[in-house]
Amino acid sequence: MTVRTRVAPSPTGDPHVGTAYIALFNRCFARQHGGQFILRIEDTDQVRSTAESEQAILDSLRWLGLDWDEGPDVGGPHAPYRQSERGDIYSQYAEQLVQAGHAFKCYRSAEELDTLRARIKESGENRALKPRDLELDETEQARREAEGAPYVIRMRVPEDGRCAIEDMLRGTVELDWALADAQVLLKSDGLPTYHLANVVDDHLMGITHVLRGEEWLNSAPKHKLLYEYFGWDMPALCHMPLLRNPDKSKLSKRKNPTSIHFYRRMGFLPEALVNYLGRMGWSMPDERERFSLSEMEAAFDINRVSLGGPVFDVEKLSWLNGQWLRDLSDEQFLQQLMGWAFNRDYVMQVLPHIKQRVETLSDVVDKAGFCFSGMLSISEQDFEHKQYSTEDMKEWLQFFLWSCEAQRSWNRDNLFADAKALADALDVKIRDFLFPVFVAIAGTSASFSVVDSMALLGADISRARLRHAVEVLGGVSKKQTKKLEKAYAGLLSQAD
């Protein structure tokens with residue numbers, strides 16, 4: 001048997017370090033066994049998926065050296081490797097399940113589903129929605145079908161009992177069927193959910209081992225049942241421990257930068273980041289901290305993965321990156337520096353914004369230094385405004401950060417339009433609204449256009465600096481967040 005593993009990211013945002021983490025372990029496992037590593041794109045979320053995000057994922061993984069044997073850009077015998085291009089395949093298998101009685105058409109509306117869930121909760125039952133809750137009588141089913149009402153296809157799941165899942169790290173894990181809902185397999189738009197698409201694709205692509213995050217462990221019973229319904233052999237499962245923030249919570253961008261772009265733009269070496277991710281829950285046989293990708297592949301043993309939630313500590317990563325940098329020759333260091341930010345393409349984008357603002361070449365450092373920096377050293381005093389309080393500044397920054405996180409096309413015009421809409425909704429001058437943004441992004445209000453600066457810096461560094469500024473101003477508690485989210489929703493409705 002040829003070992004075949006895969007990573008299947010969704011192109012719905014910035015390339016995540018968690019994706020690189022899972023890709024790294026899948027690639028090492030495949031290489032250890034002389035097998036193949038496949039990249040598949042899960043782009044069935046047509047609202048949020050973008051070609052730009054897909055390309056960013058491909059570029060980031062390649063920057064890290066985590067290339068693949070088959071994928072959407074390199075092809076392979078199991079193409080296509082984008083789920084959006086495999087729609088007819090999923091429809092065929094979903095219909096096969098309906099015909100076999102393992103799935104059913106569900107015409108329930110969103111309001112009906114809410115009512116059904118509320119009834120179960122009121123009854124004191126601790127269970128998910130089951131087919132008996134969802135299926136209509138024949139007359140009502142026929143009526144809705146005749147009217148052309150929208151429907152989804154759901155799988156049939158047991159009412160009770162337990163499902164035994166074999167996990168490569170955990171051994172046998174038993175999960176309660178009562179908590180497994182009648183999973184939607186095919187959405188009303190004809191596109192599959194993760195559960196159907198992954199089972200079908202893993203089978204058709206010959207995937208033998210599935211190494212994925214432990215958040216998918218609770219879905220394993222439904223996947224196992226689908227394999228049984230189809231009469232297919234199930235791949236071996238390995239649920240990797242989740243990356244954690246220093247406070248042990250799940251790694252999130254609000255507490256830790258999660259985008260690979262951020263670390264690349266900050267000047268981390270790809271070798272150091274891969275090295276650090278390799279240490280997330282795994283160790284070399286000789287326990288050394290520094291090792292290359294090829295060394296990890298040569299020594300890899302999945303049984304050395306620890307189930308304790310590995311902590312992603314940026315300070316520790318920075319220390320490790322420093323070790324890699326100090327091993328470079330002066331010439332290598334210079335090449336890395338030039339490739340990072342002092343390259344012709346990037347500098348040529350900066351120069352037009354500062355030429356009219358300098359009188360000597362030495363002024364460039366003062367006027368454009370923030371374009372070649374990571375996180376800035378700013379204080380609460382930097383945000384003092386003659387008319388508005390620092391609390392106002394913090395709220396505006398949070399509102400603008402949320403709009404930046406939702407921005408799908410990162411350019412100066414869109415960023416300015418978002419800022420102007422928020423300023424108008426708040427009834428403040430755009431100059432005042434952008435004051436704290438200037439400080440957050442450039443470290444001073446006396447800089448060239450802040451939206452031009454953000455376009456140059458890119459989404460990852462810009463959003464990270466905005467988050468940092470919010471923290472410098474005291475941060476936002478959970479209680480405050482709820483209040484501000486409500487206010488933000490109101491501002492958006494005004495902007496519309």
Side-chain angles (χ1 to χ4, degrees), residues 5-32 37-43 52-74 81 209-216 238-245 250-253 255-284 289-297 300 302 305 309-314 316-318 320-321 324 340 458-461 463-464:
T5 66
R6 52 77 170 170
V7 66
S10 298
T12 55
D14 302 328
H16 200 284
V17 290
T19 299
Y21 165 65
I22 295 298
L24 171 63
F25 280 81
N26 273 279
R27 189 180 189 275
C28 285
F29 186 86
R31 295 292 183 262
Q32 178 206 20
F37 171 55
I38 291 87
L39 184 141
R40 189 172 67 224
I41 296 295
E42 290 184 358
D43 57 348
E52 292 79 10
S53 180
E54 177 185 318
Q55 190 59 52
I57 291 170
L58 303 184
D59 292 344
S60 295
L61 292 179
R62 278 221 169 84
W63 174 69
L64 292 170
L66 303 176
D67 54 348
W68 44 94
D69 301 297
E70 300 172 26
D73 57 336
V74 298
Y81 292 91
H209 296 75
V210 173
L211 283 67
R212 60 189 180 189
E214 65 183 348
E215 70 267 31
W216 294 109
C238 178
H239 291 89
M240 298 289 295
L242 292 177
L243 300 183
R244 303 283 178 182
N245 294 308
K250 180 181 176 181
L251 187 66
S252 66
K253 63 185 178 185
K255 295 184 179 181
N256 237 337
T258 58
S259 171
I260 300 172
H261 280 332
F262 171 83
Y263 294 98
R264 186 175 185 177
R265 181 59 183 79
M266 282 288 290
F268 288 90
L269 298 180
E271 297 88 350
L273 184 52
V274 167
N275 183 176
Y276 190 67
L277 290 173
R279 296 181 65 254
M280 294 287 97
W282 186 82
S283 60
M284 290 285 280
E289 292 193 303
R290 284 191 55 194
F291 47 84
S292 67
L293 174 58
S294 60
E295 289 171 331
M296 180 177 176
E297 289 176 345
F300 190 73
I302 193 66
V305 172
V311 173
F312 193 96
D313 185 340
V314 178
K316 181 69 174 178
L317 170 59
S318 297
L320 185 61
N321 194 68
W324 279 88
W340 166 63
D460 302 286
I461 287 291
R463 291 189 292 232

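- With sequence neighbours excluded, the residues that form a side-chain hydrogen bond (donor to acceptor under 3.5 Å, both in side chains) with Ser259 are Asp460.
- Expressed to the nearest 0.5 Å, how far CD of Glu52 lies from CD1 of Ile57 amounts to 12.0 Å.
- For the atom pair CG of Leu243 and CG of Asp313, the computed distance is 12.5 Å after rounding to the nearest 0.5 Å.
- Rounding to the nearest 0.5 Å gives a distance of 8.5 Å between CG of Leu317 and CE of Met280.
- A salt bridge links Arg62 with Asp73: the distance from a Lys NZ or Arg NE/NH1/NH2 to an Asp or Glu carboxylate oxygen falls below 4.0 Å.
- The nearest pair of heavy atoms linking His261 to Ala56 is NE2-CB, 3.5 Å.
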(request) Quick one: do Met296 and Val274 satisfy side-chain contact (heavy atoms from CB on, under 4.5 Å)? Show the steps, please. (result) CA-CA 10 Å; Met296 180 177 176; Val274 167; 5.6 Å; no
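- Counting heavy atoms from C-beta outward, Leu39 and Leu58 have side chains that approach closer than 4.5 Å.
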(request) Please report the C-alpha distance between Phe268 and Ser318 in whole Å, then the side-chain angles of each, then the deciding distance to 0.1 Å, and finally whether the side-chain contact (heavy atoms from CB on, under 4.5 Å) criterion is met. (result) CA-CA 8 Å; Phe268 288 90; Ser318 297; 3.6 Å; yes
(message) side-chain contact (heavy atoms from CB on, under 4.5 Å), that's the test. Do Asp14 and Arg463 meet it? Break it down for me.
(response) CA-CA 12 Å; Asp14 302 328; Arg463 291 189 292 232; 2.3 Å; yes
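- A 4.5 Å side-chain heavy-atom check between Pro9 and Ile41 finds at least one atom pair inside the cut-off.
- Within the model, atoms CZ of Arg290 and CD of Glu295 stand 9.0 Å from one another, a figure rounded to the nearest 0.5 Å.
- Contact record, Ala20 with Leu66: O-CD1, 3.7 Å, taken as the closest heavy-atom pair.
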(request) Would you sort out whether Ile302 and Leu211 count as a side-chain contact (heavy atoms from CB on, under 4.5 Å), showing the intermediate values? (result) CA-CA 10 Å; Ile302 193 66; Leu211 283 67; 3.8 Å; yes
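- By the side-chain hydrogen bond (donor to acceptor under 3.5 Å, both in side chains) test, His239 pairs with Asp167, Arg212, sequence neighbours left out.
- Here Arg6 does not pair with Glu42 in a salt bridge; the nearest charged N to carboxylate O distance is not below 4.0 Å.
- How far OH of Tyr263 is from CG of Asn321: 11.5 Å, rounded to the nearest 0.5 Å.
- With contacts defined as side-chain heavy-atom distances shorter than 4.5 Å, the pair Leu251/Leu242 does not qualify.
- Contact annotation: the side chain of Glu70 approaches that of Tyr81 to within less than 4.5 Å [non-hydrogen atoms, C-beta and beyond].
- Taking both residues in full, the closest heavy atoms of Pro270 and Leu64 are given as O-CD2, 3.9 Å, listed atom of the first, atom of the second, then distance.
- Side chain of Thr258 to backbone of Ser252: no donor-acceptor contact under 3.5 angstrom is found.
- Inter-residue side-chain proximity for Ser292 and Glu271 is flagged as unmet; no heavy-atom pair is nearer than 4.5 Å.
- For the pair Phe29 and Gln32, the minimum side-chain heavy-atom distance is below 4.5 Å.
- Shown here for Ser53 and Pro11, the closest heavy-atom pair between the two residues is OG-C, 3.1 Å.
- Nearest approach of Trp340 to Arg264, heavy atoms of both residues: CD1-O, 3.6 Å.
- Looking only at side-chain heavy atoms (C-beta outward), Lys316 and Glu289 come within less than 4.5 Å of each other.
- Judged by a 6.0 Å distance limit and a 45° cone about the ring axis, Arg27 is not positioned over the six-membered ring of Trp68.
- Results of the ring-ring contact (aromatic ring centres under 6.0 Å, His included) test with Tyr276 over Trp324, Tyr21, Phe312 single out Phe312 as the only residue that passes.
- With rounding to the nearest 0.5 angstrom, the OG1 atom of Thr12 is 10.5 Å from the CG atom of Asp43.
- Closest of all the heavy-atom pairs between Thr5 and Asn26 is OG1-O, 2.9 Å.
- Between Leu269 and Asn275 there is no side-chain heavy-atom pair separated by less than 4.5 Å.
- Under the 30°/60° scheme for interplanar angles, the aromatic rings of Trp282 and Phe25 are found to stand perpendicular.
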(request) Could you check Lys250 against Glu214 for salt bridge (Lys or Arg N to Asp or Glu O under 4.0 Å), going step by step and ending with a plain yes or no? (result) CA-CA 11 Å; Lys250 180 181 176 181; Glu214 65 183 348; over 6 Å; no
